[in-house]
Peer 1: 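Quick one: the structure is below, and I'll ask about it shortly.
Side chains included, hydrogens not; waters and symmetry mates left out as well; all remaining heavy atoms used. Please read all numbers here as calculations on a predicted model, not as lab measurements. Chain letters run A, B, ... following the sequence lines, proteins first and then strands; every chain starts at 1.
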Number of protein chains: 2
Amino acid sequence: MSKVTSLDVARKAGVSQSAVSRTFTEGASVSPVMANKVLKAANELDYRPNILARSLITGRSRIIALVVGYLENQFYPDALEKLSRALKEKGYHILVFFASNDSEKEAQKVVDELIDYQVDGIIAASVSLSHSLADRCKKQNIPIMLFNRRQANRSLSYVTSANFKGGQKATEYLIATGCRRLAHVSGWVETSTGKERAEGFKYALKKFGINPVGIIDGMYNQKMAIKATKTLFSKMPNSPDAIFVGNDHMAFSVMDTVRYEMGLKVPEDVSIVGYDDVPLSAWPAYNLTTVRQPINKMIQATIRGLMNLIENDYAKPTHVKIEGELVLRGSTENRLRQ
Amino acid sequence: MSKVTSLDVARKAGVSQSAVSRTFTEGASVSPVMANKVLKAANELDYRPNILARSLITGRSRIIALVVGYLENQFYPDALEKLSRALKEKGYHILVFFASNDSEKEAQKVVDELIDYQVDGIIAASVSLSHSLADRCKKQNIPIMLFNRRQANRSLSYVTSANFKGGQKATEYLIATGCRRLAHVSGWVETSTGKERAEGFKYALKKFGINPVGIIDGMYNQKMAIKATKTLFSKMPNSPDAIFVGNDHMAFSVMDTVRYEMGLKVPEDVSIVGYDDVPLSAWPAYNLTTVRQPINKMIQATIRGLMNLIENDYAKPTHVKIEGELVLRGSTENRLRQ
DNA sequence: CTGAAAGCGCTAACAA
DNA sequence: TTGTTAGCGCTTTCAG
């Protein structure tokens, strides 16, 4: 009662096994009569071609690896769901791999596993790949798309939002609403996103001749963001009246800390701006002003780039940077202060 | 430069291809000398056995399908991450499938895809399977574990929390803190979880001779939960002083609505209890009292049950129900009222 | 313990 | 358009 093979169908339909294969192969030539006979037998037996066997010969598994660090930040499940739905339309499915960024040895293992499954492509969501790992994938002919991260290695394709500009926009808006004691709880500055957003922040301040009250690396980690916030408010008279945070996930913690630990009001005492615009940011409890990552466009570009890389052996790497708008909500003043 | 095969390794090591296979096959007999020769050549060529080719002969793809409705409710990304990490230890990886519960035809397609990939097992997270779909999987010899859902069909294995008891506990606690006008925004009552939690609520009320102020199905959907909340507070003098909500995801929306639409205080005016204990519930902005789903134990049981089903052709279905504690937080009074 | 050979389910030449 | 045949990369008898 287990596997039904093309041969079973062929026998039942009284045709050759390759005829069965053809009716299930896109763009193969079969007469309508033949196709009907085969389809009928196939339906009766509930036959479906074995993708894995097919992959052996076509060299395509129709599996895309999604490598991701963790799913706690709502941005990633959201991306995962959207990527998966988009890839399904193209006949691919996502095999999930978790990679902690800390150990090169662990990273090696993840690449081992990727290769084991003969994935057709890799989407690395906010994880970096060392040069040697990228090389291994290239040798195995597995294309890589970096999603929401970029690296010095220009041969790697990536899709990001305009992080520098986003950081700048957020900061200039805070200045425009009258804030003068600005602080930044940055994303991990070892990553492109964290670094560029922080640079945008600094650039805007410099432009207006303002010195930052503090810049602390939150490393995209809530605990560290909480600690950073406490530090910012510990050197009193110079405590911030506005904080730009490296992503929404940390911004929630920053806001909670400002409100429930410091006993301050948002935005009356402190304005807060995040980055990403995850669904949670729009919920009334946080109502967070934030720089939107245009996730749908980013997904589109990622898929397009990846498909290109898969289908075209000599495709050039794609480098896409998409600008996102500043979404104004209740965590900042909506008008100038003075 | 693409695929390195066992034959390449064999030639390089000056041994037979089957020797290579053996050194990479758990429990095959190879001499240490042979193994070393092979491993050396394999390392130099960066060879890894092709799981897909192996699957053809072993009948095992080392792929587990996770079928899930959506990832917006934090409970699911959390479960996905934990399942994935646990399965990795056993040498399996997760291929993700999204299934909207609405159309039987869509569901058929998902099962088609599952079969295409020759998955070794299915974890259906909070999605139901019609009898015919379950049958198709059984015919293909693909075991199924229902995660956080159960069905009338006793031949299906499942792992759930003690939903009836959880609903009862939550409700009795609300009564103990002095609430008398209790309402329930239920989970979708067409699902086992939604129905059983609602029944626990009703049972507790009856036990204390209290009539519910209202019971409205929120269908595990935030928009509907918001609407339900508004309805509950529209028939004034009889508005609730406590709401038990079918899961945390909806409870956040209920709380937001109570606070920001109704202008009421939680817990002073209205107590709220959720279900799940997702990470977000512990964040200060919500600080939600909730019935914990013991997710780690549920995951453990799911994996154990699934592995059993996979490895043992005639394994009996597992039915596991795990009790979870009520986690007291700030959305309810911590002491009796009077 | 090792190598030769068969075959998993499929696609892709190649003839007919 | 169809059937025949030869593998894809691997595991697993079967001899030795």
Peer 1: Which heavy atom of A134(A) sits nearest to which heavy atom of I144(A), and what is that distance?
Peer 2: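 Result for this residue pair: CA-CD1, 4.2 Å.
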
Peer 1: Just how far, in rounded Å, is P of dC1(C) from NZ of K37(B)?
Peer 2: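 It works out to 14 Å between those atoms.
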
Peer 1: Has the side chain of H319(B) got a donor or acceptor atom that lies under 3.5 Å from a matching backbone atom of R150(B)?
Peer 2: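 No, because the side chain of H319(B) does not come within donor-acceptor range (under 3.5 Å) of the backbone of R150(B).
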
Peer 1: What's the verdict on salt bridge (charged side-chain N to carboxylate O under 4.0 Å, His left out) for R85(B) and E81(B), showing C-alpha distance, side-chain angles and the deciding distance?
Peer 2: CA-CA 6 Å; R85(B) 293 189 191 274; E81(B) 180 166 349; 2.9 Å; yes

Peer 1: Picking from R54(B), R62(B), R48(B), K88(B), what satisfies salt bridge (Lys or Arg N to Asp or Glu O under 4.0 Å) with D116(A)?
Peer 2: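 With D116(A) as partner, salt bridge (Lys or Arg N to Asp or Glu O under 4.0 Å) holds for just one option, R48(B).
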
Peer 1: With the sugar-phosphate defined as primed atoms, P, OP1 and OP2, and the base as all remaining atoms, what B/S/- string results for nucleotides 8-16 of chain D, 5' to 3', for protein heavy atoms under 4.0 Å?
Peer 2: BBBBBB---

Peer 1: CG of D8(A) versus P of dC8(C): gap in Å, rounded?
Peer 2: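 Rounding to the nearest Å, CG of D8(A) and P of dC8(C) are 11 Å apart.
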
Peer 1: Relative to the ring of F147(A), is the ring of F75(A) parallel (under 30°), tilted (30 to 60°) or perpendicular (over 60°)?
Peer 2: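 Aromatic pair F75(A)/F147(A) classed parallel.
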
Peer 1: If I compare all heavy atoms of Y220(A) with all of G194(A), which pair ends up nearest, and what's the gap?
Peer 2: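 Between these two residues, the closest heavy atoms are OH-N, 3.1 Å.
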
Peer 1: List the steps and the verdict of salt bridge (charged side-chain N to carboxylate O under 4.0 Å, His left out) for D8(A) and K3(A).
Peer 2: CA-CA 10 Å; D8(A) 298 327; K3(A) 319 292 173 194; over 6 Å; no

Peer 1: What bend angle does the helix from dC1(C)-dG16(D) to dA16(C)-dT1(D) show across its length, from five-pair end axes and to the nearest 10 degrees?
Peer 2: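 Between the first-five-pair axis and the last-five-pair axis there is 40°.
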
Peer 1: Would you mind listing every salt bridge (Lys or Arg N to Asp or Glu O under 4.0 Å) that reaches into residues 16-36 of chain B, with sequence neighbours excluded?
Peer 2: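 Every candidate salt bridge (Lys or Arg N to Asp or Glu O under 4.0 Å) pair involving residues 16-36 of chain B fails, so no pair, neighbours aside, qualifies.
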
Peer 1: Rounded to whole Å, please give me the gap between CD in E26(A) and P in dA12(C).
Peer 2: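 Those two atoms, CD and P, are 12 Å apart.
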
